[in-house]
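First the structure, in the form of structure tokens, and then the observations on it.
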Amino acid sequence: MTVVPPADDSAQVAARVERRWATMSVIIVLVLATAAALIGLGHATMPQGRVEVVDAARLHLSGEFVESNLGSALETDGSVTVRAIGQQYSFTPQCVVVPSDTPITFRATSADVVHGLLIEGTNINIMLVPGYVSVLPIRFKAPGDHVMPCQEFCGIGHQGMWGKVKVVDKTAFLNMAAAKRRLTCVD
Ligand code: CUA
């Protein structure tokens, strides 16, 4: 013989279970929102794990970004480091030459205000902030020319601030690098 609970009873059970799940879902949402808020606060208040600073007022006097050290440099491991400066209203070097199919590290900074460095046809889009070194790994698949406009409004001459990236064949680049310590395609 089976006992059939009265209809009232099962409705109460259903209501209780529903309330429990509703409470649980509210708790989950609260936990996630709290976690997101804490992580956001952490990011906003803590310094990044790795920040390179540089004295923007003395870039031309000494250190990594003196004019003679700008351009593309072949490293002993076969990779290439490009050092560049953005200033109102140009990039130095104005034309960057790099090899295709080679790991490249861009190291750039600004001598005055915030500039942007965008390389057309790639996903490269970084900000150059005075006082900080922007570092970005790049690899170009094939030779070709790319325009490199400043993409951050930096003053009256902003729209005229353009550079160029010339990607050349790897062998051609190695030949050029054998003759010169720092390479650019500025004549
Ligand atoms: Cu530099 Cu806009």
Side-chain angles (χ1 to χ4, degrees), residues 1-57 59 64-65 75 77-89 91 96 98 100-142 144 146-159 161-163 165 167:
M1 191 176 129
T2 51
V3 179
V4 180
D8 260 11
D9 242 24
S10 65
Q12 271 171 22
V13 169
R16 200 161 58 230
V17 170
E18 222 164 290
R19 237 188 338 266
R20 200 177 300 152
W21 278 107
T23 314
M24 205 115 80
S25 58
V26 168
I27 290 173
I28 291 172
V29 168
L30 285 179
V31 166
L32 289 177
T34 313
L38 288 180
I39 291 168
L41 264 178
H43 273 292
T45 52
M46 298 293 164
Q48 292 171 35
R50 183 174 161 282
V51 171
E52 280 186 70
V53 292
V54 68
D55 185 351
L59 290 180
E64 182 181 353
F65 293 97
E75 305 294 348
D77 64 357
S79 71
V80 168
T81 304
V82 179
R83 294 184 180 83
I85 289 181
Q87 67 261 301
Q88 287 167 323
Y89 296 98
F91 292 103
V96 170
V98 288
S100 60
D101 198 27
T102 305
I104 298 162
T105 306
F106 247 81
R107 295 177 56 81
T109 187
S110 165
D112 38 44
V113 299
V114 174
H115 297 278
L117 190 158
L118 181 147
I119 302 178
E120 162 270 330
T122 71
N123 60 355
I124 293 145
N125 185 346
I126 49 176
M127 277 169 85
L128 308 184
V129 182
Y132 296 89
V133 182
S134 301
V135 182
L136 197 78
I138 316 177
R139 196 184 187 109
F140 292 95
K141 283 198 197 90
H146 302 259
V147 287
M148 182 175 78
C150 173
Q151 103 301 16
E152 203 72 52
F153 183 76
C154 52
I156 194 89
H158 162 71
Q159 78 282 0
M161 185 169 170
W162 291 77
V165 175
V167 185

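Computed over heavy atoms, backbone and side chain alike; hydrogens, waters and symmetry mates excluded. On a predicted model such as this, the values are computed, not experimentally measured, just so you know.
A distance of 7.5 Å separates CD of Glu75 from OG1 of Thr105, quoted to the nearest 0.5 Å. In this structure, Thr122 OG1 and Ile138 CD1 are separated by 6.5 Å, a value rounded to the nearest 0.5 Å. One distance of note links CD of Gln88 with CE of Met161; it measures 8.0 Å at 0.5 Å rounding. To the nearest 0.5 Å, atoms CG (Asn123) and CG (Leu136) are separated by 8.0 Å.
Nearest heavy atom pair, residue Met148 against residue Phe91, reads O-CE1, 3.4 Å. Thr102 approaches Ser100 most closely through the heavy-atom pair OG1-O, 2.9 Å. Contact between Val165 and Ile119 at its shortest, heavy atoms only, is CG2-CD1, 3.9 Å. Contact between Tyr132 and Val54 at its shortest, heavy atoms only, is N-CG1, 4.1 Å. The two residues Leu117 and Gln151 make their nearest non-hydrogen contact at N-OE1, 3.3 Å. Considering all non-hydrogen atoms of both residues, Glu152 and Cys150 come closest at O-SG, 3.3 Å.
Here the side chains of Ile124 and Phe106 are not in contact, with every heavy-atom distance at 4.5 Å or above. In this structure, the side chains of Val114 and Pro130 come closer than 4.5 Å at one or more pairs of heavy atoms.
Among residues at least two apart or in separate chains, there is no side chain to side chain donor-acceptor pair (under 3.5 Å) pair with a member in residues 22-42.
Between the side chain of Gln87 and the backbone N or O of Ala111, no donor-acceptor pair lies under 3.5 Å.
The local environment of OH in Tyr89 is crowded, with over 12 non-hydrogen atoms from other residues, nucleotides or ligands closer than 6.0 Å. The neighbour count for Ile156 CD1, taken as heavy atoms of other residues, nucleotides or ligands under 6.0 Å away, does not exceed 12.
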* Asked: Taking it one step at a time, do Arg139 and Asp101 satisfy salt bridge (Lys or Arg N to Asp or Glu O under 4.0 Å)?
  -> CA-CA 6 Å; Arg139 196 184 187 109; Asp101 198 27; 3.5 Å; yes
